[in-house]
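Below, chain A is the first sequence line, B the second, and so on; all start at residue 1. Remember, it's a predicted structure, so these values are computed and weren't measured experimentally.
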There are 2 protein chains.
Amino acid sequence: MVVTLDDVAAGSGVSRSTASRALSGDARVKAATRSRVQAVAKDLGYSPNQAARNLASGRTGTVALVVPETNLLENPWVALVITGVCRAARRSGRSVTLWMDALSTERAPEVVRHGGADGLVIMASAFSREWISDVNTTRLPTVLVGEHDELPDAITVGSDNDEGGRLVARHLHELGHRKVAVLAGPQERPDARERLSSFLAEMALLDSPVPHYLVAEGDFSVGSGLSGLTSIIDEQPTAIFAANDLMAAGVLRGLRLAGKSAPNDVSVVGFDNLPIGKDLEPPLTTVNQDPLAMGEEAIRLMDRMIDGEPVESAVIPVKLITRRSTMPINVPLD
Amino acid sequence: MVVTLDDVAAGSGVSRSTASRALSGDARVKAATRSRVQAVAKDLGYSPNQAARNLASGRTGTVALVVPETNLLENPWVALVITGVCRAARRSGRSVTLWMDALSTERAPEVVRHGGADGLVIMASAFSREWISDVNTTRLPTVLVGEHDELPDAITVGSDNDEGGRLVARHLHELGHRKVAVLAGPQERPDARERLSSFLAEMALLDSPVPHYLVAEGDFSVGSGLSGLTSIIDEQPTAIFAANDLMAAGVLRGLRLAGKSAPNDVSVVGFDNLPIGKDLEPPLTTVNQDPLAMGEEAIRLMDRMIDGEPVESAVIPVKLITRRSTMPINVPLD
DNA sequence: ACTCATTATGGGAGCGCTCCCACCACAGCA
DNA sequence: TGCTGTGGTGGGAGCGCTCCCATAATGAGT
């Protein structure tokens with residue numbers, strides 16, 4: 001009932017070996033033979049049996065993409081990385097097995113440990129040490145999206161958080177802000193630490209060091225932006241740098257509730273450039289992270305690892321997106 | 001180097017057949033034998049080779065989840081369906097191959113047409129007729145999430161949009177609103193049509209028919225909510241039903257830009273219950289769609305189809321979520 | 001004690017493909 | 001004329017598993 005390679009071979013008068021080679025583009029077959037075989041294959045509606053191919057070749061043509069369930073639920077950013085991964089995977093002829101882990105299982109799932117994939121792309125931030133080290137025993141090529149403290153040596157694809165922090169510092173400084181508050185991300189996460197420390201360092205370099213009482217810590221959620229604001233708003237900063245857009249959204253909302261508004265009373269900067277950023281009121285100045293590019297880069301690295309080529313962790317450039325949530329100090333509109 | 005079933009068989013002194021049966025839970029093996037084999041398997045760190053299993057059994061244990069790329073990028077709702085699918089798939093021992101299609105390719109992709117999966121779950125709304133009919137030729141069990149005009153007979157998992165429209169009508173009517181505007185979704189989509197028609201029908205039933213000039217059509221985006229508002233705001237409705245949350249967000253923003261506010265000047269209702277809804281200002285009254293449940297239901301149907309059992313399309317119940325964006329007419333809060 | 005059902009196990013044939021190796025034809029070269 | 005090289009092809013051995021069928025071990029019935 002199903003057309004197999006043998007049918008194609010018989011139909012075009014060659015052996016199965018030759019048919020296989022012709023269809024996989026092996027250079028050793030004569031051009032005439034190849035095109036004949038390909039014509040017959042198309043004619044018969046042949047398509048290779050993936051399982052047989054995998055078994056015989058020992059490869060699967062698949063990468064497993066492992067995502068903490070909580071991330072996708074909370075953060076649209078993750079969806080963009082997934083999109084980038086799928087796009088690049090399709091281009092290089094791979095399929096993507098999506099494994100969303102609830103993190104309730106302390107061990108890496110079956111698909112990760114065995115068989116189903118040639119490599120692993122892991123959204124790293126939320127996974128525990130045990131989980132990651134369990135994965136590590138698979139010896140599968142692995143790329144982390146985002147750094148992870150427990151795996152300093154892993155191949156990762158990250159954003160240039162350091163540069164992002166500096167860009168924000170310079171931007172606010174140029175606008176004349178000298179009393180700037182920071183709503184940092186959870187400091188157990190490397191990306192959150194980088195954003196904070198590079199920002200503080202750059203502000204210091206610009207002769208506007210940020211005092212401790214203007215630094216608060218949130219957990220990257222809207223709610224923590226709102227509550228984090230209350231601890232710094234009394235100090236009357238002229239600008240607030242929230243370490244991601246969700247917290248920035250919380251800050252904007254908190255300001256509104258407190259009867260203040262951005263940017264007239266306080267300039268606000270986020271980080272991530274989520275799609276919602278431009279629909280906020282006011283549209284949010286932020287740092288663009290290009291998660292699509294991160295996903296694509298992850299697959300590019302993966303392809304190279306699978307081919308046994310040497311690879312290095314990649315840092316994706318960021319850039320500042322200036323919108324209406326920031327404005328020069330002392331130049332109030334209307 | 002890799003532990004195979006033969007190793008386990010040899011290690012536990014049984015044949016490969018028995019080992020296979022023991023590990024797959026076949027009832028015919030003696031309990032003692034089974035536990036011995038399982039112990040040895042665990043001891044050796046055995047895990048089955050997926051490709052071999054697929055080839056021999058003719059099944060893959062995989063469902064392909066096909067998502068239009070644009071959807072995931074624009075609509076967080078899709079991420080929730082994906083989450084539900086992954087969750088349910090894991091529970092029934094399947095893995096999920098995520099295929100994001102840019103829709104630029106007019107033919108269904110390879111993975112869909114052949115081999116890689118036992119069944120197909122398709123986020124239907126954005127796919128063209130050609131694409132869907134191409135998929136149809138695969139004869140794979142297929143479940144659509146959301147209806148599709150071109151496939152009236154397909155097995156689908158949808159929300160109870162009719163009930164949703166009615167719930168909104170009754171809610172607004174109970175609050176005393178008699179002059180209600182509707183910002184409908186794109187009428188080429190069945191779900192958008194259902195929301196509109198059921199809403200209009202229920203309003204008529206409640207003796208408050210909605211005149212034509214209070215109905216506008218958007219495309220389910222924030223921007224179209226904003227622009228759609230302009231065409232109805234001059235008619236001074238006391239409430240607006242936007243057919244999804246994104247458009248409702250646009251409406252809220254438009255109202256603010258026009259110097260009005262919800263719910264004091266106009267009550268606003270959305271549809272979807274996206275996570276952002278509760279972070280809007282004011283938090284949005286909306287209809288909860290439970291996309292997680294839809295994803296889970298899709299897999300449940302898929303499992304049954306794969307087992308050859310009869311299935312019927314499912315409609316997931318909705319419910320009204322009342323928040324601060326709606327309030328009784330004639331009781332203005334200052 | 002002998003048959004017949006029942007339960008537990010082993011043997012072995014594939015699943016459809018890839019890939020190694022052998023082979024053939026024919027060229028070029030001594 | 002024979003020898004090595006080379007481009008093209010065929011043969012066939014697996015990849016690791018499942019599942020059908022045969023066989024062996026057990027128990028029940030007359």
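Nearest-nucleotide positions on DNA chain D for A31(A) and R16(A) put A31(A) closer to the 5' end.
When the side-chain nitrogen and oxygen atoms of S57(B) are compared with OP1 and OP2 of dT18(D), none of them lie within a distance under 4.0 Å. Put simply, T18(A) has no side-chain N or O that comes within less than 4.0 Å of OP1 or OP2 on dT9(D). Applying the 4.0 Å criterion to OP1 and OP2 of dT9(C), one finds that S17(B) has every side-chain N and O outside that range. Considering only side-chain N and O atoms, T33(A) lies under 4.0 angstrom from the phosphate OP1 or OP2 of dT9(D). OP1 or OP2 of dT18(D) has at least one side-chain nitrogen or oxygen of S20(B) nearer than 4.0 Å.
If you take CG of N54(B) and P of dG16(D), they are 14 Å apart, rounded to a whole angstrom. In this structure, D6(B) places its CG atom 7 Å from P of dC17(D), rounding to the nearest Å. Following rounding to the nearest Å, R21(A) (CZ) and dG16(C) (P) show an atom-to-atom distance of 21 Å. As rounded to whole Å, 11 Å separates atom C1' of dT9(C) from atom CZ of R36(B). Atom-to-atom, CG of L23(A) to P of dC19(C) comes out at 14 Å; the value is rounded to the nearest Å. The CZ-P distance, from R28(A) to dT9(D), rounds to 11 Å in whole Å. Rounded to whole Å, the distance from CG on L55(B) to P on dC17(D) is 12 Å. Per the geometry, CG belonging to N49(A) stands 6 Å off C1' belonging to dG16(C), to the nearest Å.
Using a 4.5 Å heavy-atom cutoff, the side chains of Q50(A) and N54(B) are not in contact. Counting only heavy atoms from C-beta outward, the side chains of I155(B) and L301(B) approach each other to under 4.5 Å.
Backbone-only contact: R59(B) has heavy atoms under 4.0 Å from sugar-phosphate atoms and none from a base. Nucleic acid contact class of S24(B) (heavy atoms, under 4.0 Å, all strands): none. Using a 4.0 Å heavy-atom cutoff across all strands shown, T4(B) reaches sugar-phosphate atoms only and no base atom.
In this structure, the nucleotide among dG10(D), dG10(C), dG16(C) sitting nearest to the side chain of V14(B) is dG10(C). Checking dC17(C), dG8(D), dG14(C) against every side-chain atom of A56(B), the shortest atom distance belongs to dG14(C).
With L144(A) as the fixed residue, the side-chain contact (heavy atoms from CB on, under 4.5 Å) test singles out one of T156(A), L120(A), V66(A): T156(A).
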